[in-house]
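Working notes, structure below.
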Amino acid sequence: MSTPPLTASTMQSEAPAGGPDLGRRKVIHIDMDAFYASVEQRDDPALRGKPVAVGGARARGVVAAASYEARKFGVRSAMPSVTAMRKCPALVFVKPRFDVYREVSRQIRAIFARHTPIIEPLSLDEAYLDVTENLERVATATEIAEEIRKAIRAETGLTASAGVSYNKFLAKLASDHRKPDGLFVITPRMGPAFVETLDVGRFHGVGPATTAKMNRLGIMTGLDLKAQTLAFLTEHFGKAGPYYFWIARGVDERPVRADRPRKSLGAENTFLEDIFTHDAARAALAPILDKVWRAAAQAGIRGRTVTVKVKFADFRQITRAHSEAQPVAARADFERIALALLRPVFPAPRGVRLLGVTLSSLGDPPAKSEAQLSLGI
Ligand SMILES: [Mg+2]
């Protein structure tokens with residue numbers, strides 16, 4: 001499953017402020033293997049061993065998750081279903097069952113909670129755990145990770161991969177290193193060298209656009225990134241610069257946040273027919289704005305920053321954001337800002353297939369909440 005990349009705004013308060021913090025913390029990253037697809041194969045024996053895509057087979061559908069059998073053909077999550085079918089004609093499409101995925105997610109979080117209260121979920125199937133002071137007094141973080149993997153297999157019938165290290169950045173790289181059904185440990189002694197060898201595109205928080213930009217600047221690997229000065233990285237990547245500077249050295253002091261405040265509230269919609277004009281966008285946007293505004297009101301929260309996301313018919317995607325000095329106070333202001341952000345997009349010669357709106361920089365976060373609440377529409 002994909003995770004939303006870290007954005008500059010979420011990292012602002014979390015960028016490493018000081019020097020290395022080697023070896024003092026024990027962080028585990030747990031990531032279920034091909035989660036949605038594995039749940040479907042677990043529950044329907046006829047799907048086992050077959051290339052399976054969870055998602056819609058219809059013309060405009062997108063693959064939400066692909067089984068490992070499907071991945072061998074190059075099928076990936078977020079890929080248009082038509083592309084996936086072309087790559088793998090035998091691909092079996094299965095409708096997602098989010099209720100079941102949420103139930104499994106509750107099960108695995110209960111397993112995590114036996115070992116530590118400091119659990120930061122990234123999505124239904126992924127979480128960071130800080131086990132520096134673990135409840136069971138198991139000797140090492142590696143043993144805890146193995147116990148968790150064993151319990152997940154026994155209690156859910158599914159496999160998970162685990163990464164163990166001394167910070168979040170490295171733990172996540174580690175869990176990816178022996179997927180599926182694997183465990184990998186990055187020790188303080190290994191950390192800096194491990195990072196040097198990897199392509200920057202592998203790093204959490206470096207998405208496709210940032211990877212392309214880094215490559216244009218001659219930064220291909222962790223070693224290349226490490227050769228840049230803090231000033232250079234800040235000049236080119238703004239607030240994310242310090243994060244990149246430190247991760248290139250295997251340093252990441254972001255804490256595992258059990259009660260991570262909600263960072264944004266958003267909704268989006270894919271249209272049956274592409275949109276070409278600003279007027280059509282105004283009409284199409286109304287239910288999306290309603291949904292976000294209602295959810296924000298229900299949660300009693302307000303935001304200063306409005307972000308619009310536009311996906312064109314050719315799947316090119318852009319985002320535009322605007323921040324007010326004060327939280328957006330009225331639905332009319334929310335709409336005005338969103339429409340102003342969309343004005344330069346139209347007329348759109350090739351059409352727009354998806355619009356999304358997000359309200360962020362939220363104040364008064366509730367005590368317990370998910371990092372991001374995404375609303376289907
Ligand atoms: Mg996963």
Side-chain angles (χ1 to χ4, degrees), residues 1-6 27-44 47-48 50-55 62-79 84 91 94-113 115 119-129 144-165 168-186 198 201-208 256 260 370-372 374:
M1 278 172 67
S2 65
T3 47
L6 294 173
V27 178
I28 301 174
H29 179 253
I30 301 276
D31 187 9
M32 301 295 285
D33 302 320
F35 182 49
Y36 299 169
S38 300
V39 172
E40 297 307 328
Q41 288 179 318
R42 177 194 71 176
D43 293 350
D44 182 356
L47 296 173
R48 291 179 200 162
K50 296 211 176 117
V52 173
V54 177
V62 168
V63 175
S67 72
Y68 283 96
E69 295 86 351
R71 292 180 193 196
K72 281 186 197 139
F73 291 88
V75 177
R76 297 281 179 272
S77 57
M79 180 179 274
L91 193 60
V94 182
K95 272 198 193 128
R97 296 179 300 151
F98 287 103
D99 289 353
V100 180
Y101 310 148
R102 272 191 287 271
E103 180 50 36
V104 177
S105 187
R106 270 192 293 274
Q107 279 180 285
I108 63 172
R109 284 181 200 175
I111 293 169
F112 302 157
H115 298 276
I119 302 163
E120 179 181 328
L122 287 173
S123 60
L124 287 179
D125 78 317
E126 247 185 277
Y128 292 113
L129 282 61
I144 298 172
E146 276 301 19
E147 281 191 15
I148 288 172
R149 279 172 19 84
K150 221 182 287 173
I152 288 175
R153 184 192 279 276
E155 295 171 36
T156 72
L158 299 164
T159 63
S161 295
V164 179
S165 198
K168 284 161 65 165
F169 172 69
L170 291 172
K172 188 160 166 67
L173 277 181
S175 73
D176 199 41
H177 202 60
R178 287 280 183 267
K179 246 181 178 312
D181 198 15
L183 177 140
F184 192 69
V185 182
I186 300 178
L198 296 177
R202 295 278 305 278
F203 298 165
H204 187 53
V206 181
V256 178
R260 198 157 120 176
E370 297 289 306
Q372 169 143 7
S374 212

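Whatever order the structure lists them in is the order used to number ligands and atoms, beginning at 1. Just so we're clear, the structure is a prediction, and the values are computed from it rather than from any experiment.
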Task: Shortest-distance N/O/S atom, D31 versus the Mg ion (ligand 1) - done: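 Relative to the Mg ion (ligand 1), the closest nitrogen, oxygen or sulfur of D31 carries the name OD1.
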
Open item on the list: Please name the atom of D125, limited to N, O or S, that comes nearest to the Mg ion (ligand 1).
Closed with: OD2

Task: SB check K172 D31 (cutoff 4.0 Å) - done: no

TODO: Decide, yes or no, whether a salt bridge links D176 with K179 under the criterion of side-chain N to carboxylate O below 4.0 Å.
DONE: no

Open item on the list: Counting backbone and side-chain atoms alike, is an N, O or S atom of M32 positioned under 2.8 Å from the Mg ion (ligand 1)?
Closed with: yes

Task: Side chains of D33 and S38, donor plus acceptor under 3.5 Å - done: no

Open item on the list: A quick test of your reading: do over 12 heavy atoms of other residues, nucleotides or ligands sit less than 6.0 Å from CZ of R153?
Closed with: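 No, not enclosed.
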
